Structure formats: structure tokens, C-alpha cells
There are 2 protein chains.
Amino acid sequence: MMEEKTQPTADLPHPARDEIVLTEVLFALSDPARLEIVRQLAGGPIEAARCNPFDPSIAKSTKSHLMKVLREAGVIRNEALARGRLLTLRRDDLDARFPGLLDAVLG
Amino acid sequence: MMEEKTQPTADLPHPARDEIVLTEVLFALSDPARLEIVRQLAGGPIEAARCNPFDPSIAKSTKSHLMKVLREAGVIRNEALARGRLLTLRRDDLDARFPGLLDAVLG
DNA sequence: CAAATGGTTCGAATTTATTCGAACAAATTT
DNA sequence: AAATTTGTTCGAATAAATTCGAACCATTTG
């Protein structure tokens, strides 16, 4: 059978609100680089290209992986937008699922 | 020179309140077994022997390690008490440092 | 004093996470 | 249409975390 090739501008899987797991969210937020991304997104959606994890020497595959961990935990949404990607903090879902958590983490 | 041998009932090091780091706290809480311990301690201090990480097949060295991660992150206090150890959630310190975080995590 | 209880530490083995470069693909620009 | 920009995925290398048993120790119990 043909192997499904990777689809770059494809829709990436996101957990539904009720599938978001607390320990996975905490883990996603427990990395300084990932937490910094979340802080940037707290001000509103950002295009991925404009979202820099303050370490300029980071490989783009590494940055992509940071986004993947956040996305799979349900912390951010990552959607195709024109040539790039739009990153959005899932504030509504997180607030509904774990009231007060995001506010506390964002300080 | 004599090597300092391990001191079992010794005072273990704890970070001061202002040394507690958010990402380390989040990491400590991101493990289900550790989070369960914290939930048990939310009701008040418990003797370590009475604090079970719901997996009965766990080695005692593993349990000790779980406590170590929580202690070094500043989440719990671990003090000598008679033959055993008394575990205390550092609620005051955590509330002062990261208001609302513990409440949000404990649900 | 001997044995049992409770718990830390060390070292080794295993499992997970991180990081990178290479390959690839879609949309845009030239 | 070719080149650029943007960003995912894969596989491999490395780094970190977890887990266990063994050794050890201090206090209490017999």
C-alpha cells in the first residue's frame, strides 16, 4: 500500500476540550521555552514566523517540536494561514477545563 | 579524607520561598504519581509511611525519588519525625509565590 | 543487644524527551 | 516556472528522567 506522505500545510490534530489532561498541560508549560511561547500568545494570536522562542540559534525543527508539544497538550491551536501558520492560545478551553490555571501561570 | 556517608534522618535541603521556580514546580506537578501525592497532602501533613502513591508495586527508592523531586521544586517539605518523615505541602510559600496556582491545580 | 520499621542514597538499566539536519511540500514571489 | 518562505516529519544522536535493587542508617520494638 502507498505510504501516506507528510502533509505540510495540513490540519494538525488538536485534542477536544474535554480531552485535555491536566498533567500534560503542566508538562507542556514546564519548559521555559514553551512557557515563553505561551506568554507571547497571551497577547493574542501570532503567526508562527513572528513567534520567537528568544533563542535565535534554535533549529526550525526544534521550534516545530515545541509547538507540537503545546498543541498536543491542548495549550495552543496551530492552524494553516496562507503561507504560514497561526498560533492561538486556547484560553477559553483551558479556562473552562482548569479555571484559574492559566492566569496563575501567566502571573 | 573521609567520605561523607548518607545521613538517613538528616535534614534535607529545601529551597527558600524566593528560590522556588515556576517551571520546576510545573514539572514536579506534571507527573500523575507526584500530583496524587500533592492531592493527599492538600488535606494536611502526612507521615510518609501513610502516603501511598496508589501503585502498591512501587519500590521504596522510587517513592523516595518522587518525594525528592517535589521537595527540590519547593512543593513539599520533608522533615524528620521520630522514626519516619513528615510530609507537608508548602501551601503558604506556593500561594505567595504563584497566587492561585495550587488552587487551580487541585481543582 | 538484636530485629524490625522507615527512608535516603548510589549505581546501573531502561525509558522518555530534546535536538538537529535532511527531505519534503504548499503558497507566494520573482 | 523557478526560487523563496514557511513549517512539518522522519531518523539518529544525545540528554534527562524514571525505576529498581542493594547498601546503609537511625529509631523503635522485642
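Residue numbering restarts at 1 for every chain, and letters A, B, ... go by the order of the sequence lines. For clarity, every value in this text was computed on a predicted model and none was experimentally measured.
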Give the rounded distance in Å between these two atoms: CG of L12(A) and C1' of dT6(D).
14 Å
Using the side chain to side chain contact (heavy atoms under 4.5 Å, CB included) criterion, which residues pair with A104(A)? Sequence neighbours excluded.
L101(B)
Give the rounded distance in Å between these two atoms: CD1 of I46(B) and P of dG7(C).
12 Å
Any N78(B) side-chain N or O less than 4.0 Å from OP1/OP2 of dG7(C):
no
What are the residues of residues 20-37 of chain A, sorted by number, that bring a heavy atom to within less than 4.0 Å of DNA chain D?
none
By side chain to side chain contact (heavy atoms under 4.5 Å, CB included), which residues pair with A33(B), not counting sequence neighbours?
D31(B), L66(B)
Hey, does the side chain of K63(A) reach the backbone of C51(A) with a donor-acceptor pair shorter than 3.5 angstrom?
yes
Within residues 59-72 of chain A, find the residues that approach DNA chain C with a heavy atom at under 4.0 Å, and present them sorted by residue number.
A59(A), S61(A), T62(A), H65(A)
Grab the CZ-C1' distance between R83(B) and dT8(C) for me, whole Å please.
17 Å
Figure out the CZ/C1' separation between R85(B) and dT5(C), and round it to whole Å.
14 Å
Can you tell me if R77(A) uses its side chain to pair, donor with acceptor, with the backbone of H14(A) under 3.5 Å?
no
Can you check the D11(B) CG to dT8(C) P distance for me, whole Å?
13 Å
Does R34(B) use its side chain to pair, donor to acceptor, with the backbone of A28(B) at less than 3.5 Å?
yes
T23(A) and S30(B) have their tightest heavy-atom pair at CB-O, 3.3 Å
When V75(A) is tested against each of I20(A), V38(A), L41(A) for side-chain contact (heavy atoms from CB on, under 4.5 Å), which residue passes?
V38(A)
Considering residues at least two apart in sequence or located in another chain, which fulfil the salt bridge (charged side-chain N to carboxylate O under 4.0 Å, His left out) criterion with R17(B)?
D93(B)
Testing dT6(D), dG7(D), dG7(C) for proximity to the side chain of R50(A), the answer is dT6(D)
Residues clustered with F27(A), ILVMFWY side-chain links under 4.5 angstrom
F27(B)
In this structure, how many angstroms lie between the C1' atom of dA26(C) and the CG atom of L81(A), rounded?
13 Å
Round to the nearest Å and state the distance from I58(B) atom CD1 to dT8(C) atom P.
12 Å
